[in-house]
Structure formats: structure tokens, C-alpha cells
S.K.: 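Before we start, here is the structure in question, set down as C-alpha cells.
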Amino acid sequence: MDTRVINWRNTGAFFAKYGIYFAFVLLAGGLAIWSRPFRTVGNFENILQQISVNGILSIGMTAVIITAGIDLSVGSVLALSAVVATSFAQVNDQGNAEHGLFVPLALGVLTGLACGAVNGVLIAKRRLAPFIVTLGMMTVARGLALVYSHGEPEINLTATYDTIGEGLTGPGVALLAVVLAGIFILHFTRFGRYVYAVGGNELAAKVSGVNTDRILVGVYAFAGALAGVAGIVESSRVMSGEPSAGEGYELNAIAAVVIGGTSLNGGVGSMAGTIVGVLIIGVMNNGLDLLGVSSYWQQVVKGGIIVCAVMLDRKSKY
Amino acid sequence: MTAQQVSENPLLKMEGISKSYSGVPALSRVRLEIRRGEVHALMGENGAGKSTLMKILSGIVQRDQGDISIDGKRVEIRSPKEALDLGISMIHQELNPVRAMTVAENIFLGKEPCYRYTGVVNRRKQRELTLDLFREMDVSMDPDKIMSALSVAEMQLVEIVKAVSYQSRVIIMDEPTSAITGREVAKLFEIIRRLKSRGIAIIYISHKMDEIFRISDTITVLRDGQYIETRPAGELDHDTLVKLMVGRKISEMFPKRIAAPGAEVIFEVAGLTKTGLFQDISFKVRKGEVFGIAGLMGAGRTEVMETVFGLRKADAGVVRIHGREVKIKSPADAIRHRVALITEDRQLKGLNLTASVRDNITLVNLKTFSLFGQVLQFKKENEAADAEIAKLRVKTRHRGQIVRTLSGGNQQKVVLAKWLLAEPEILVLDEPTRGIDIGAKAEIYKIIADLTAQGRTVIMISSELEEILGMCDRVIVLYHGRITAEFERAAFNQENIIKAAMGNWSAN
Ligand SMILES: Nc1ncnc2c1ncn2[C@@H]1O[C@H](COP(=O)(O)OP(=O)(O)OP(=O)(O)O)[C@@H](O)[C@H]1O
Ligand SMILES: [Mg+2]
């Protein structure tokens with residue numbers, strides 16, 4: 001009898017650690033059995049396309065949250081990057097492209113990178129709270145996007161730019177590349193290890209000779225650059241650079257990261273968890289749509305799942 | 001009441017207590033019996049299970065098996081609150097104050113005196129009650145001071161006052177003196193005696209053997225999570241107790257130093273000043289030397305070495321290494337000059353508690369385990385970490401174990417391992433054996449001796465005079481931020497060092 005007690009405890013610990021993966025399998029499996037349209041190839045492509053932007057943002061957000069920070073600006077930075085990129089991807093009156101594909105892509109990513117770097121410098125050097133700095137950037141970047149585009153979407157994009165976001169290939173490749181890069185940077189490089197060190201105990205990291213400022217700037221710049229990538233994917237998918245794009249996306253990304261088991265207290269988390277978090281949100285949205293649940297109720301369910309995930313995370317700590 | 005009756009009717013009884021973490025036992029079938037008004041020492045090596053047993057008693061950790069009874073009645077202790085209601089309070093090994101709150105607020109956390117009806121905290125009363133407690137225990141401190149402004153020693157005093165303030169029947173003290181010395185320890189023992197006379201039982205955990213024999217009535221020894229023995233303190237002597245704890249004899253505490261320090265001055269501090277903390281600190285350390293810095297808590301020893309290490313900016317003064325003046329603006333600069341600093345506060349400045357043992361050990365040196373300076377070479381890294389774990393005998397299940405779940409002494413060993421792996425030329429140790437068991441202490445002293453034999457230099461800040469006398473070639477003494485004396489090994493004299501530390505020593 002006593003051994004059973006111990007086994008139960010171990011099972012509890014096991015579930016706390018891997019519960020999120022089971023939850024995903026359960027969710028996807030359940031939907032696959034329940035709903036015929038869910039288990040079609042077309043639907044899987046759909047899901048992947050829908051999660052690509054959130055996936056890209058969440059990878060950057062994971063690194064930020066592991067440093068015990070937060071980035072509220074990624075949605076707005078996405079919009080700013082999108083309008084900058086698309087403004088260089090327009091066809092002129094003769095119907096010709098002014099620039100090649102490289103220029104808009106590079107400028108889009110650089111715009112995001114610059115915004116992120118500004119966040120990072122303010123947070124690291126001026127010791128301001130990440131919440132406040134990125135809240136400020138959220139407003140500033142949104143404003144700049146509106147100013148730059150005069151409040152109008154950038155349309156008439158070149159065919160090559162539009163094809164990036166067409167179908168599954170472009171977003172799929174972008175997502176895959178970003179995921180692989182994210183896993184590599186966070187789990188296989190010295191920089192990644194320092195990210196955990198800074199999040200776990202910044203002072204101890206500093207005493208151990210880690211240039212913590214540089215790590216923080218790097219992490220926010222990374223998140224910003226990925227917001228740039230997401231801006232390109234999003235704008236090419238809808239074939240226009242909208243200054244109002246990406247509103248609320250930061251919250252979806254934070255939700256995915258937290259569902260994936262990354263602690264808001266910093267120092268703990270993984271890219272694998274985040275990917276599952278993104279998949280859960282994506283599959284859930286898709287499934288609820290297919291089941292005909294009203295979008296109002298969908299919000300209620302989504303919120304509930306996020307809170308449950310955090311509860312699971314709490315439990316695993318004690 | 002006769003002695004017979006007393007032992008038949010213990011205040012507290014724990015029986016068959018077992019606890020395992022993910023299948024690895026931390027305690028198996030441990031028992032403990034506490035009588036009224038006794039000081040019961042709980043002894044054992046680092047990781048023996050002392051803190052775990054006490055956390056079970058105070059409701060922080062839940063046992064897997066076993067019974068706890070108080071006054072012969074079985075009890076369930078499911079939370080710290082229930083433990084407090086049963087009259088059990090605890091001073092924790094790892095200090096965990098609310099750093100942003102004041103001293104008084106910390107002491108009365110959860111039991112704040114309130115105005116009637118409104119439930120608003122009566123701050124004036126809280127302050128007065130705190131002062132009463134301080135007076136009763138002969139502590140002088142400002143109740144309105146913010147916790148984060150206190151030194152580790154002061155925080156420990158606050159913890160003690162807090163635990164006593166609950167009016168408990170059993171007070172658990174898990175290494176209450178790890179950060180305090182001399183006068184404060186005497187004060188604590190005075191408090192303990194007074195509590196004893198009121199019939200309150202104390203469970204006392206410490207790795208400082210002299211304290212154990214000074215204060216305890218009964219001693220229970222644990223080893224590797226097993227109950228070994230309970231005996232009256234009077235029946236045990238130092239060597240027998242050590243043998244019970246470690247399972248073997250420790251022949252010599254302080255190793256013979258084979259090589260004498262060289263003549264070359266490798267490290268020099270001249271005129272270092274930081275207003276309000278220390279003034280005009282100058283000393284020279286020779287290659288291969290063990291150089292001691294003695295003094296009382298708060299004398300500025302830690303501050304001096306942290307400044308040298310680049311954690312603070314000095315107002316004046318220079319540091320020379322190999323005779324050349326160096327500018328150290330950050331710990332990274334210091335590490336580049338092959339200086340290491342093992343800080344006294346392991347949880348605040350030493351460790352990333354949420355990371356694994358390996359990740360902590362290799363943090364300083366990570367670059368040597370990275371291809372092109374960035375891509376981690378896990379195999380190499382794991383081997384290095386395993387070697388350090390074996391060398392210092394860190395009790396860990398696996399290099400991947402999260403440091404938070406190690407016992408206190410083993411956490412300290414991880415900090416040491418981290419800096420030893422960095423192979424510094426000049427190793428600064430700030431209270432290096434804090435919370436470390438006697439066997440491991442001897443090992444650390446041996447490592448220090450070996451390092452100096454290889455021509456490395458060690459600067460050791462310590463409040464343990466025995467350690468200073470046993471290890472150092474030379475020692476300076478600080479008092480109120482000034483150097484009051486310097487002694488060569490040949491002239492070591494415990495009394496003189498104490499005098500200098502109290503500020504009343506003059507060389508002639
Ligand atoms: N949360 C946990 N998860 C896994 N193992 C744990 C956990 N807490 C404690 N342990 C293990 O239990 C054992 C006993 O630890 P404990 O803290 O009780 O030792 P201790 O006797 O207090 O040692 P020290 O003298 O170093 O303080 C250790 O091996 C430790 O690693
Ligand atoms: Mg302990």
C-alpha cells in the first residue's frame with residue numbers, strides 16, 4: 001500500500017512535467033476522432049498556416065520570458081515592420097518592382113531588430129522594468145506604423161512578395177527555420193545558457209563574469225527581429241501591409257509560452273514546450289471553429305486553458 | 001517528575017518517517033524523540049536529511065510514511081500554519097525574508113497587531129512589540145530598517161527573533177549560526193537557555209561542533225537518510241560524534257602545508273577606500289600564500305573584496321596584480337585577470353537555483369566548452385562537471401539535478417566547484433565553509449593546501465578563528481573598515497586576533 005502512495009506521487013510529478021504534451025495529444029486525438037473535417041490534410045495545412053505567425057513570435061517571447069522579462073511590443077513591432085517592408089515591395093505605375101525581394105525582407109527584419117534593441121538597451125542599461133519599456137514601445141511602434149503609412153494599408157505588392165505568404169510553403173518554411181534557430185540558440189549555444197543564467201539569478205550571473213547587459217539586449221533584439229519576420233509573413237499572407245496588424249498578438253504569444261511551461265519568474269522553460277503551447281492554441285482555435293463553437297465562447301475556453309496550464313506549472317514546483 | 005517519567009512521555013515523537021524524491025529516498029524510517037526543555041542536536045553530513053526531517057515537522061514538506069505525535073497524541077501537519085498552531089516554529093537554513101519589507105513587518109508577518117474592527121495594521125504597536133522582543137533578547141536593531149539593507153548576520157538575527165516570537169513549544173533552528181559569530185552566538189545561547197527554562201524544546205542543527213557540545217543535552221545522528229543513534233551529549237566526545245556522522249575517522253583537520261609561500265608579491269591592494277564602508281586598505285599577498293582576513297561581522301571584509309572584484313566602485317586606491325596596476329570594473333574583468341571570488345551569500349550571489357548542477361558548475365568557464373566560442377560541447381562539459389562533482393563529493397543524484405533541491409552544504413560545494421573549475425590564480429574565499437559538514441571541511445582545506453602547493457594564491461575571509469589559525473600564513477584584521485593588525489603565522493595568537501577584531505589592539 002505504501003509503495004502505491006509513492007508511485008502515485010511519482011506519477012503526479014511525471015504529469016506535472018510532461019502533462020502539457022499529454023494534453024496536446026489528448027486534444028488533437030479527441031478532435032481527430034470527433035470531427036471528420038479536422039483530420040483532413042487540408043485542415044492540417046490550415047492549422048500550420050494559422051499558427052505560423054504566433055509560432056514565430058512565441059519563439060522570441062520564450063527567450064525573453066526566460067530572462068524573467070516580457071515583451072508587450074511584438075504585435076506593434078510586427079505592424080511597423082510590415083508597413084516598412086511592404087512599402088519597399090510595391091509595384092510602380094508601370095507595374096514593375098522598384099526593388100528586389102531582398103530589400104523589403106531585410107528592412108522588415110531590421111526594423112524589428114532595431115525596435116527590440118531599443119527595448120533591450122533601456123531594460124539592461126537603464127534598469128527599467130521590461131513591462132513598462134515594452135508597453136511604451138508597443139504604443140510608439142504602433143504610432144510609427146500609422147505615421148509611416150499615413151494610416152493606409154500598403155497595397156499593390158509585387159507578385160514575388162505576395163507569394164511568400166501564399167499557401168503553406170512560405171509561412172511553413174519561415175516557421176520551421178525560426179523554430180530550428182530558436183532551439184539551436186537557446187539550447188545549444190553559450191548565449192542560450194547565459195539566457196537561463198540571467199533569468200535564474202542575474203546577480204549570480206554577473207558575479208560569474210557574464211555580461212548580463214549584452215545578453216538582455218540580445219534577447220530583446222532577437223524577439224524584435226522575429227516580430228519583423230512575423231510582419232513579413234503576415235503582410236504577404238494578406239497581401240497588404242496593415243498599420244493595424246498584429247493587435248493583441250503579444251498576448252497570444254505570451255499565452256503559448258506560458259502554456260508551454262516557461263515560468264514568468266524566469267530561469268525555467270524550453271522551446272519544445274513553447275512549440276506545444278503554440279500547437280495547443282492553434283488546434284484549439286481550429287477545433288472550436290470546426291465544432292461550431294461561437295467565437296465568444298472560444299475566448300472563455302482559451303482563457304480557462306491558459307489558467308489551467310499555469311496551475312499545472314505551479315504544481316510542478318512544489 | 002522523575003527522569004523515568006520524562007522519557008516515557010516525550011513532548012514530540014517522530015517514528016518511521018520516510019520521504020523520497022522521485023524514487024530516491026532522502027529519509028528512511030527515521031525516528032526522533034524530543035523532551036520538554038531540552039536542546040536536541042540533530043547531526044549528520046551534508047545531505048543526511050536533517051533539513052528534510054525538520055521541514056516535515058514544520059509542515060513544509062509532506063512525509064511519505066511515518067507518524068508524528070505530540071504529547072502522545074497523533075497529529076497531522078499539513079502546512080506551516082498547522083505546525084505553528086501546534087506550537088512548532090522553525091528558523092530556516094536558507095534565509096527567506098521579504099526583502100522589501102521592514103524588520104518589524106517581517107517579524108510580525110501573518111500575525112500583525114491590528115486595530116479593532118477595521119483590521120488595519122497598528123504599525124505603532126507592531127514597532128513597540130518588536131522593540132520589546134529586541135529588548136528581551138538583547139538585540140539592537142532599527143525595526144523600521146528595510147530587510148534588503150541588512151547584512152546576512154542581521155537577517156539571521158531577525159529570523160531568530162521571529163521564530164522565538166511565536167511562543168512555540170518546539171523551536172527548530174536549522175543552522176542558526178551559519179552567518180553569526182562570537183557575541184551574537186553567545187546571545188543566541190543565552191536566549192536558548194531562557195527558552196529551555198520555560199520548558200520549550202529546541203531542535204538544533206549545526207555543523208559547528210563546539211556549539212553542539214556547548215549547548216545540547218541530547219544528540220541524534222543521521223547518516224544517508226537513516227537514523228543512526230541518539231545519546232546524551234555528555235556521553236559523546238568530538239571524535240566519537242564525527243565517527244557516527246561520517247562513518248570514519250578524520251585524522252587531520254588542517255593539512256600540513258608542504259611548500260612555503262614564495263617571495264614574489266602577486267596581489268596588492270593600496271589605499272583602497274570606499275567612504276562609509278572601509279578606509280585606506282593596503283596589503284600585499286605573496287604567491288602561494290594563504291592570506292587571511294579576520295574580523296567581526298560588518299567589519300567591511302566582504303565589502304573590500306567585493307570592491308576588488310568589481311562589484312562596487314572604490315572612491316580611491318589601486319589594485320596591482322603581478323606588480324602591474326589593473327582596472328577591474330566588473331567581475332568579468334576580474335575573471336580575465338584570473339581572480340575568483342566565492343561570495344558568502346550562496347543563494348543571492350553564488351547560484352542559479354533553478355538551473356542544474358552542471359549548468360552552475362560550468363558557468364564561469366563556459367567558453368572553454370564552446371566550439372567557436374558559442375556552440376556548446378556537451379560531452380566535454382559533462383565530463384568536467386562530473387569530475388568536479390566527484391572531487392568535492394557533491395551529493396547529487398545526477399549532474400542534471402536542479403540546485404534548489406540540493407541540501408544547503410551541497411549547494412555551497414557547487415559554488416566552490418564552479419570557481420575551482422575556473423582555475424583561478426588568485427582565489428578569494430568569503431566564508432568558504434559556511435554550512436559545510438566536518439568531513440567536507442577537511443577536504444576543502446586539503447584542496448586549498450594543494451592549490452597553494454601548485455603556486456596558486458588564496459585569500460580567505462573567515463569568521464572562524466580556528467580556520468584562520470589552521471590555514472593561513474598571514475592574517476590581517478579589520479575593524480570598522482580599517483586594518484587594525486597584521487600577524488605572521490609564527491606570531492598567531494587567538495587572543496590578539498580577537499582583540500584586534502574588537503578594535504583594541506596595538507602592536508606595542
Ligand atoms: N525537493 C527535492 N527534490 C529532490 N531531492 C531533494 C529535495 N529536497 C531535498 N532533497 C535531497 O534530500 C537529501 C537530504 O537533504 P537535506 O536538505 O535534508 O540535507 P541536510 O541534512 O539538511 O544537509 P545540509 O547539512 O547540507 O543542510 C539531499 O540529498 C537532497 O538532495
Ligand atoms: Mg540542511
Side-chain angles (χ1 to χ4, degrees), chain A residues 1-17 65-68 181 183-215 218 261-270 313 316-318, chain B residues 16 18-23 25 60-66 306 309-311 330-336 340-343 345-356 358-360 362-378 381 402-404 415 418-419 422:
Chain A
M1 189 215 122
D2 288 318
T3 45
R4 251 221 332 268
V5 174
I6 292 168
N7 279 343
W8 265 113
R9 278 166 198 268
N10 288 346
T11 325
F14 183 77
F15 261 101
K17 196 163 175 197
I65 291 182
I66 289 176
T67 65
I183 291 176
F184 178 73
I185 291 173
L186 193 64
H187 299 301
F188 291 87
T189 69
R190 192 158 64 96
F191 176 83
R193 186 68 65 74
Y194 289 164
V195 169
Y196 282 93
V198 169
N201 186 345
E202 189 175 344
L203 184 54
K206 194 172 270 176
V207 173
S208 297
V210 176
N211 187 337
T212 52
D213 289 355
R214 202 185 298 167
I215 302 303
T262 296
S263 160
L264 288 169
N265 296 327
V268 175
S270 72
D313 181 49
S316 67
K317 278 210 198 99
Y318 294 100
Chain B
S18 297
K19 170 78 192 171
S20 41
Y21 288 102
S22 339
I60 295 163
V61 168
Q62 296 305 308
R63 67 194 189 279
D64 295 339
Q65 295 175 43
E306 283 189 353
F309 196 68
L311 279 170
S330 71
D333 291 342
I335 292 166
R336 222 167 290 128
L341 171 66
I342 298 184
T343 52
D345 190 330
R346 58 175 170 258
Q347 300 227 332
L348 196 64
K349 293 176 191 160
L351 292 168
N352 177 0
L353 291 172
T354 54
S356 68
R358 178 198 69 183
D359 290 5
N360 272 282
T362 57
L363 185 62
V364 178
N365 263 36
L366 206 52
K367 208 165 184 174
T368 49
F369 307 113
S370 310
L371 213 58
F372 318 117
Q374 275 299 339
V375 186
L376 297 174
Q377 297 168 293
F378 293 115
E381 188 192 358
I402 300 300
V403 168
R404 185 195 297 284
V415 184
K418 167 165 87 172
W419 288 105

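Letters go in sequence order (proteins before strands), and every chain restarts at 1.
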S.K.: What's the spacing between B:Asp359 CG and A:Tyr194 OH if we round to 0.5 Å?
M.R.: 11.5 Å
S.K.: Of the backbone (N, CA, C, O) and the side chain (C-beta and beyond), which part of B:Ser18 lies under 4.5 Å from a heavy atom of chain A, both, or neither?
M.R.: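 No part of it gets close to chain A.
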S.K.: B:Ala332 and A:Gly209: which non-hydrogen atoms are nearest, and at how many Å?
M.R.: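 Looking at all heavy atoms of both residues, the closest pair is CB-O, 3.6 Å.
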S.K.: Starting at CG of B:Leu348, measure out to CG of A:Asn201 and round the result to the nearest 0.5 Å.
M.R.: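 Between atom CG of B:Leu348 and atom CG of A:Asn201 there are 6.5 Å.
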S.K.: For the atom pair CZ (A:Arg190) and CG (B:Leu371), what is the distance rounded to the nearest 0.5 Å?
M.R.: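 If I round to the nearest 0.5 Å, the distance is 12.0 Å.
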S.K.: Check whether B:Phe378 gets within reach of chain A through its side chain, its backbone, both or neither, counting any heavy atom under 4.5 Å.
M.R.: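 Contact with chain A involves the side chain of B:Phe378 alone.
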S.K.: Between B:Gly350, B:Pro331, B:Gly310, who has the most heavy-atom pairs with chain A when the cutoff is under 4.5 Å?
M.R.: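 Option with the greatest count: B:Pro331.
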S.K.: Is a salt bridge present between A:Arg193 and B:Glu381, judged by a nitrogen-to-oxygen distance below 4.0 Å?
M.R.: yes
S.K.: Is there side-chain contact between B:Phe309 and A:Val207, with at least one heavy-atom pair below 4.5 Å?
M.R.: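 A side-chain contact under 4.5 Å exists here.
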S.K.: Set out, in order, the CA-CA distance, both residues' side-chain angles and the distance that settles side-chain hydrogen bond (donor to acceptor under 3.5 Å, both in side chains) for A:Lys206 and B:Ser330, then state yes or no.
M.R.: CA-CA 8 Å; A:Lys206 194 172 270 176; B:Ser330 71; over 6 Å; no
S.K.: When you measure from the side chain of B:Asn352 to the backbone of A:Gly267, do you find a donor-acceptor pair of N or O atoms at a distance under 3.5 Å?
M.R.: no
S.K.: Given heavy-atom pairs under 4.5 angstrom as the criterion, report whether the side chain, backbone, both or neither of B:Phe369 touches chain A.
M.R.: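 Contact with chain A is absent: no heavy atom of B:Phe369 under 4.5 Å.
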S.K.: Tell me, for B:Gln347 versus chain A, whether the close heavy atoms (under 4.5 Å) come from the side chain, the backbone, both or neither.
M.R.: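 For B:Gln347, the backbone is the part near chain A, not the side chain.
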S.K.: Pick one of side chain, backbone, both or neither for B:Leu311, based on which atoms fall under 4.5 Å of a heavy atom in chain A.
M.R.: side chain
S.K.: Under a 4.5 Å cutoff for heavy-atom pairs, which residue among B:Ile335, B:Leu363, B:Ile60 has the most contacts with chain A?
M.R.: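 Highest number of pairs under 4.5 Å: B:Leu363.
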S.K.: Pick one of side chain, backbone, both or neither for B:Lys418, based on which atoms fall under 4.5 Å of a heavy atom in chain A.
M.R.: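 Interface part for B:Lys418: side chain.
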S.K.: Working to the nearest 0.5 Å, report the span between CD of B:Gln374 and CZ of A:Phe184.
M.R.: 8.5 Å
S.K.: Report the distance from atom OG of B:Ser370 to atom CZ of A:Phe191, rounding to the nearest 0.5 Å.
M.R.: 13.5 Å
S.K.: Going from CG on A:Leu203 to CG on B:Leu351, what distance comes out if it is rounded to the nearest 0.5 angstrom?
M.R.: 11.5 Å
S.K.: For residues A:His187 and B:Leu376, report the shortest heavy-atom separation together with the two atoms involved.
M.R.: O-CD1, 4.3 Å
